[in-house]
Amino acid sequence: MIRARRRFGQHFLHDPGVIARIVAAIDPRPGQHLVEIGPGTGALTLPLLARCGRLDVIEIDRDLARELPRRAAGAGELVVHQADALEFDFRALRANGPRLRLCGNLPYNISTPLLFRLLEAREAIADMHFMLQKEVVERMVARPGGNEYGRLTVMLAAACRAQSLFRVGRGAFQPPPGVDSAVVRLVPHDGPPFPLADPQRFARLVAAAFQMRRKTLRNSLRGLLDASAFEAAGIDAGRRPETLSPEEFARLAGQPAAAGL
């Protein structure tokens with residue numbers, strides 16, 4: 001019997017109704033390049049294989065990586081990559097083929113850094129469907145002005161469209177996690193949703209602003225932007241970071257005074 005390992009943040013999905021809803025949301029088709037991150041015991045793996053015939057999976061747990069081919073025998077072509085998703089080369093996996101369709105029940109302890117890593121490889125990705133902690137999904141789709149709105153929201157908005165699909169209760173997992181979950185769909189933009197002169201400068205500005213989110217922009221960005229930059233961007237320096245739209249952050253990052261960021 002395979003037991004969940006705390007160090008990998010494992011909570012195995014087992015609810016057939018939830019599994020069916022996730023597969024329906026992904027709607028996999030033969031010929032598409034599907035990649036499941038953290039397949040665990042294969043609850044999603046087998047129905048995905050049945051729909052598309054071929055599937056790459058990335059599993060850090062050696063025992064699970066060895067067990068998955070046995071469980072999937074006869075179901076389709078399963079390619080197991082025993083690797084850490086945080087270090088995996090998704091661009092190389094795509095190679096010259098179709099863009100990747102990523103999915104999975106992500107370990108909550110690595111979900112945010114993994115999302116940022118995937119954003120760096122988004123040109124190789126068609127879409128993503130992930131199970132995440134409900135609060136993380138709420139941050140991903142938040143609107144400006146709320147407590148949930150933050151760095152993750154802004155960075156995602158510049159890279160892709162995020163849509164919360166449905167919530168999942170704790171009883172859908174074994175062992176049950178201490179939080180509720182939700183399924184989110186992420187679709188990378190075909191082109192920039194707003195002018196973004198320097199993505200790296202934009203990322204540094206957003207990170208600096210939300211590092212002290214309770215302070216005004218004048219204070220949180222002190223030493224990085226002066227009054228002329230705010231004036232040129234048409235943004236009141238007395239506002240707090242959570243009130244700015246992603247496009248307004250991009251306008252600030254595009255000012256010549258921000259070149260030193």
State, with a plain yes or no, whether a side-chain heavy atom of Leu48 is found less than 4.5 Å away from one of Glu36. yes
Practice task
Decide whether Phe249 and Leu224 are clustered together by the hydrophobic rule: side chain heavy atoms of Ile, Leu, Val, Met, Phe, Trp, Tyr closer than 4.5 Å, transitively.
Solution key: yes
Going by heavy atoms in the side chains, are Pro144 and Thr243 under 4.5 Å from each other? no
Are Leu152 and Ile37 co-members of a hydrophobic cluster defined by side-chain heavy atoms under 4.5 Å apart?
-> yes
* What do the steps show when you test Met131 against Ser181 for side chain to side chain contact (heavy atoms under 4.5 Å, CB included), and what is the final call? -> CA-CA 7 Å; Met131 177 96 72; Ser181 305; 3.8 Å; yes
Quiz item: Does Leu44 reach the side chain of Pro39, with side-chain heavy atoms less than 4.5 Å apart?
Solution: no
*Passes side chain to side chain contact (heavy atoms under 4.5 Å, CB included), Val184 versus His129? Steps please.*
CA-CA 6 Å; Val184 66; His129 291 80; over 6 Å; no
Minimal heavy-atom distance between Leu221 and Ala209, with the atoms involved, is CD2-N, 3.8 Å
Quick note, ring pair (Phe, Tyr, Trp, His ring centres under 6.0 Å) partners involving residues 32-81, not counting sequence neighbours, are His81-Phe88
Donor-acceptor pair, distance only, cut-off 3.5 Å: does the side chain of Gln255 make one with the backbone of Leu252?
no
Applied to residues 137-167, the ring pair (Phe, Tyr, Trp, His ring centres under 6.0 Å) test, sequence neighbours excluded, yields none
Applying side chain to side chain donor-acceptor pair (under 3.5 Å) to Asp180 and not counting sequence neighbours gives Arg170
One should read off an interatomic distance between Leu13 CG and Phe173 CZ, to the nearest 0.5 angstrom, of 5.5 Å
Contacts of Arg218 meeting salt bridge (Lys or Arg N to Asp or Glu O under 4.0 Å) (sequence neighbours excluded), chain-then-number -> none
Run the numbers on Leu55 and Val79 for side chain to side chain contact (heavy atoms under 4.5 Å, CB included), then give the verdict. CA-CA 6 Å; Leu55 179 67; Val79 181; over 6 Å; no
Inset, instruction - Check whether any side-chain heavy atom of Cys103 sits under 4.5 Å from a side-chain heavy atom of Val35, and report yes or no. - result: no
Interatomic distance, CZ@Arg122 vs CZ@Arg117, rounded to 0.5 Å, equals 14.0 Å
Notebook entry, point to check: Any sub-3.5 Å donor-acceptor pair from Asp226's side-chain atoms to Ala229's backbone N or O?
Noted result: yes
Can a donor-acceptor pair be found, under 3.5 Å and without considering hydrogens, that links the side chain of Glu59 to the backbone of Gly40? yes
On the six-membered ring of Phe210, is Arg240 placed so that its NZ or CZ lies under 6.0 angstrom from the centre and within 45° of the ring axis? no
Check your understanding: Charged N to carboxylate O under 4.0 angstrom, Arg214 versus Glu242?
Key -> yes
CG of Leu93 to CG of Leu100, rounded to nearest 0.5 Å, is 5.0 Å
Rounded to the nearest 0.5 angstrom, the CZ-CG distance for Arg151 and Leu205 is 12.0 Å
- prompt: Side chain of Gln82, backbone of Ile60: donor and acceptor closer than 3.5 Å?
  reply: yes
**Prompt:** Can any side-chain N or O of Ser220 pair as donor or acceptor with the backbone N or O of Thr216 at less than 3.5 Å?
**Reply:** yes
Report task. Flag yes if Phe116 and Leu132 sit in one hydrophobic cluster, no otherwise; membership is Ile, Leu, Val, Met, Phe, Trp, Tyr, and two members link when side-chain heavy atoms are under 4.5 Å apart. Result -> yes
Taking C-beta and beyond as the side chain, do Leu106 and Leu114 meet within less than 4.5 Å on heavy atoms?
-> yes
Do Leu34 and Arg54 come close enough that some side-chain heavy atom pair is under 4.5 Å?
no
Apply the test side chain to side chain contact (heavy atoms under 4.5 Å, CB included) to residues Leu102 and Asp127: give CA-CA distance (whole Å), side-chain angles for both, the deciding distance (0.1 Å), then the verdict. CA-CA 6 Å; Leu102 304 183; Asp127 61 13; over 6 Å; no
Here the pair of heavy atoms bringing Ile125 nearest to Met128 is CG2-CG, 3.7 Å
Residues Ala158 and Pro193: closest non-hydrogen pair is O-CD, 3.6 Å
SG of Cys160 to CG of Asp190, rounded to nearest 0.5 Å, is 12.0 Å
Between Gly234 and Arg251, the two heavy atoms sitting closest are O-NH2, 4.1 Å
Quick note, side-chain hydrogen bond (donor to acceptor under 3.5 Å, both in side chains) partners involving residues 84-100, not counting sequence neighbours, are Arg91-Glu123
So CG of Asp27 and CZ of Arg29: to nearest 0.5 Å the spacing works out to 4.0 Å
Between Ala85 and Phe90 the two heavy atoms that sit nearest each other are O-CE1, 3.7 Å
### Task
Answer whether the closest heavy-atom distance between the side chains of Leu186 and Leu115 falls below 4.5 Å.
yes
Exercise. Is Val23 reachable from Val18 through a run of hydrophobic residues whose side-chain heavy atoms are each under 4.5 Å from the next?
Worked result: yes
Donor-acceptor pairs are to be reported for all side-chain atoms of residues 135-143 against protein atoms at under 3.5 Å, with residues two or more places apart or in another chain.
from: Glu135; atom 1: OE1; to: Gln133; atom 2: NE2; distance (Å): 3.3
from: Glu138; atom 1: OE2; to: Lys134; atom 2: NZ; distance (Å): 3.3
from: Glu138; atom 1: OE2; to: Arg167; atom 2: NH2; distance (Å): 3.3

Requested in this report: Following the transitive rule for hydrophobic clusters with a side-chain heavy-atom cut-off under 4.5 Å over Ile, Leu, Val, Met, Phe, Trp and Tyr, establish whether Tyr108 and Val168 coincide in one cluster.
Outcome: yes
Notebook entry, point to check: Between Arg185 (side chain) and Gln163 (backbone), is there a donor-acceptor pair under 3.5 Å?
Noted result: no
Problem - pair Leu86-Ile110: side-chain heavy atoms closer than 4.5 Å - result: yes
Note: Gly31 and Pro98 closest approach over all heavy atoms is O-CG, 4.1 Å
